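Order of the sequence lines sets the chain letters (A, B, ...), proteins ahead of strands, with each chain counted from 1. As the structure is a computational prediction, the values presented were derived from the model and not from experiment.
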Protein chains: 2
Amino acid sequence: MLRLSKLTDYAVVIMARLAREGAGPDGRVQTAPGLAAATGIAEPTVAKVLKILGQAGLVEGVRGARGGYRLTRLLPAVPLAEVIAAVDGPIALTACVDGGAGACEAEAFCAVRGRWDPVNDAIRAALSSITLADLAGPGCCARPGLAPATASAAIPAE
Amino acid sequence: MLRLSKLTDYAVVIMARLAREGAGPDGRVQTAPGLAAATGIAEPTVAKVLKILGQAGLVEGVRGARGGYRLTRLLPAVPLAEVIAAVDGPIALTACVDGGAGACEAEAFCAVRGRWDPVNDAIRAALSSITLADLAGPGCCARPGLAPATASAAIPAE
DNA sequence: ATCAAATAGGACTGATTGGGTCCTCTTTGA
DNA sequence: TCAAAGAGGACCCAATCAGTCCTATTTGAT
């Protein structure tokens, strides 16, 4: 069904939540347990997603007491393709493309070998043109001067 | 990794092979065992894929002795999105979109609810703009007047 | 009329993948 | 010195999918 993993879905939700909580670049950090409570996602899963996002450089982890996570970029600067690549791995519809020779046993017969590249490029382009801000919607990107939202703040009706 | 299923990959290969064998609309039919031999895909799997494609109306099955399959449309008229939808199901990156209410337990918290639609549309558009002819490449679409290729015919160097 | 070839449809099984959890170590503010 | 929180890795269970097989139906050929 061409679906992406749940982890990627969670990643988008969590990053949107980080932005709403004011945990942007150089902002306050937000803890994994706090984000779990705010999003309804299980705490260990939230921690796992944040670790992955941290390795990809999409969020920054602050260790120690009073630690937590914050975004390294504002949502409009984060293309969806980057989040998917961080969580799900490289964006490629078939295993052939990056597997090189030998990955496909029907290589000698394969009539479509090497022709998936335009498809993958098209998908990548589509996912790169959409940013997390598009997914999070207005009101999710905390702007300077705005009162920081708390976890109990009402979610704006959409 | 956003990968589509192997069955979809097989479907593209098989349909490209059908075109190359001259089994286009109103053309000769090609048997499942013959296609299996020509593509290197296991015969039961070929049969399974053809059955699925037949239900979707992408190929036409002729029953009985001397039966087989033929394409219902020429490759340039078959968008890749249609093949993927036939084999893998509807193209949607998340389960939320078509599940309606109640499909997501975090619905009340979900900050990105309903915002995946533009993403799905972008993916669908990208996959609809590519036809099987693009994937099969030149030489795969048998034109009237051309000598019908046999299974042992050399595959044109690409 | 009978047989053989081939599709149609469905059921079943094994393996791969990924979601989810847990444990330990390190860091750091109180 | 302690507690809170992230970092990293290992592990287990479940869902999904690929692949196979069986049976019924159709239809041309003998």
Side-chain angles (χ1 to χ4, degrees), chain A residues 1-11 13-14 18 23 28-37 39-72 84 86-89 94-95 99 103-106, chain B residues 1-11 13-14 18 23 28-37 39-72 84 86-89 94-95 104-106:
Chain A
M1 316 189 185
L2 201 77
R3 73 165 57 132
L4 44 77
S5 68
K6 286 188 181 182
L7 276 303
T8 304
D9 203 345
Y10 295 158
V13 173
I14 290 170
L18 275 173
R28 318 192 316 288
V29 295
Q30 191 75 9
T31 69
L35 287 165
T39 58
I41 305 169
E43 193 266 328
T45 303
V46 172
K48 183 177 190 173
V49 170
L50 285 168
K51 277 182 259 186
I52 295 172
L53 294 176
Q55 291 174 336
L58 290 169
V59 303
E60 176 192 12
V62 177
R63 300 178 67 153
R66 294 295 191 97
Y69 293 92
R70 68 166 72 93
L71 298 171
T72 57
I84 294 175
V87 180
D88 273 353
T94 58
C104 179
E105 66 283 354
Chain B
M1 318 190 183
L2 201 77
R3 73 166 56 131
L4 43 78
S5 69
K6 285 188 180 181
L7 276 303
T8 303
D9 203 346
Y10 295 157
V13 173
I14 289 169
L18 273 173
R28 318 193 314 290
V29 295
Q30 191 75 11
T31 68
L35 288 165
T39 58
I41 304 169
E43 194 265 327
T45 303
V46 173
K48 182 177 191 174
V49 171
L50 285 168
K51 276 181 260 185
I52 294 171
L53 293 175
Q55 291 174 335
L58 290 168
V59 303
E60 177 191 12
V62 177
R63 301 179 67 152
R66 293 297 191 98
Y69 293 92
R70 69 166 72 93
L71 297 173
T72 56
I84 294 175
V87 180
D88 272 354
T94 57
C104 180
E105 66 283 354

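Distance B:Arg28 CZ to D:dG28 C1': 18 Å, rounded to the nearest Å. The CD atom of B:Gln55 sits 10 Å away from the C1' atom of C:dG10 (whole-angstrom rounding). Taking atom CG of residue A:Leu4 and atom C1' of nucleotide C:dT17, one finds them 15 Å apart after rounding to whole Å. Rounding to whole angstrom units, NZ of residue B:Lys51 and P of D:dC21 are separated by 12 Å. Distance, A:Leu53 CG to D:dA7 C1': 14 Å, rounded to whole Å. When the P atom of D:dG19 is taken as reference, atom CG of B:Asp9 falls 11 Å away, rounded to whole Å. The separation between A:Leu7 atom CG and D:dA14 atom C1' is 15 Å, rounded to whole Å. At whole-Å resolution of the value, CD1 in A:Ile14 and P in D:dG6 are 12 Å apart.
Taking both residues in full, the closest heavy atoms of A:Ala86 and A:Leu58 are given as CB-CD1, 4.0 Å, listed atom of the first, atom of the second, then distance. Residues A:Val29 and A:Arg66 come closest through the heavy atom pair CG2-O, 3.8 Å. In this structure, B:Ala23 and B:Tyr69 approach most closely via the heavy-atom pair CB-O, 3.8 Å. A pairwise comparison of heavy atoms in A:Ala32 and A:Glu43 identifies CB-OE2, 4.4 Å as the closest pair.
In this structure, B:Ala32 reaches the sugar-phosphate backbone alone: every heavy-atom distance under 4.0 Å involves primed, P, OP1 or OP2 atoms, never a base. No contact: A:Gly54 has no heavy atom under 4.0 Å from any strand. At the heavy-atom level, B:Leu50 lies nowhere under 4.0 Å from the strands shown.
By the side-chain hydrogen bond (donor to acceptor under 3.5 Å, both in side chains) test, A:Thr31 is found to be paired with no residue, residues two or more places apart in sequence or in another chain being considered.
Of the side-chain N and O atoms in B:Tyr10, none sit less than 4.0 angstrom from OP1 or OP2 of D:dA18. Between D:dA18 and B:Ser5, a contact under 4.0 Å exists linking OP1 or OP2 to a side-chain N or O. A close approach under 4.0 Å does not occur between any side-chain nitrogen or oxygen of A:Thr31 and OP1 or OP2 of D:dG6. Contact check, A:Gln30 against D:dA5: no side-chain N or O comes under 4.0 Å of OP1 or OP2. Remark: B:Tyr69 is not in phosphate contact with C:dA6, judged by side-chain N or O atoms under 4.0 Å from OP1 or OP2.
In this structure, A:Val49 and A:Ile41 have side chains that are not in contact, with every pair of non-hydrogen atoms separated by 4.5 Å or more. Using a 4.5 Å heavy-atom cutoff, the side chains of B:Leu53 and B:Val87 are in contact.
Between the B:Thr39 side chain and the B:Ile14 main chain, no donor and acceptor come within less than 3.5 Å of each other.
Applying a 4.0 Å cut-off to non-hydrogen atoms, the residues of residues 56-67 of chain B that approach DNA chain D are B:Arg63, B:Gly64, B:Ala65, listed by residue number.
A donor and an acceptor atom never sit less than 3.5 Å apart when one is taken from the side chain of A:Lys6 and the other from the base of C:dG19. At a cut-off of 3.5 angstrom, counting only N and O atoms as typed in the model, there is a donor on one side and an acceptor on the other between the side-chain of A:Lys48 and the base of C:dG20.
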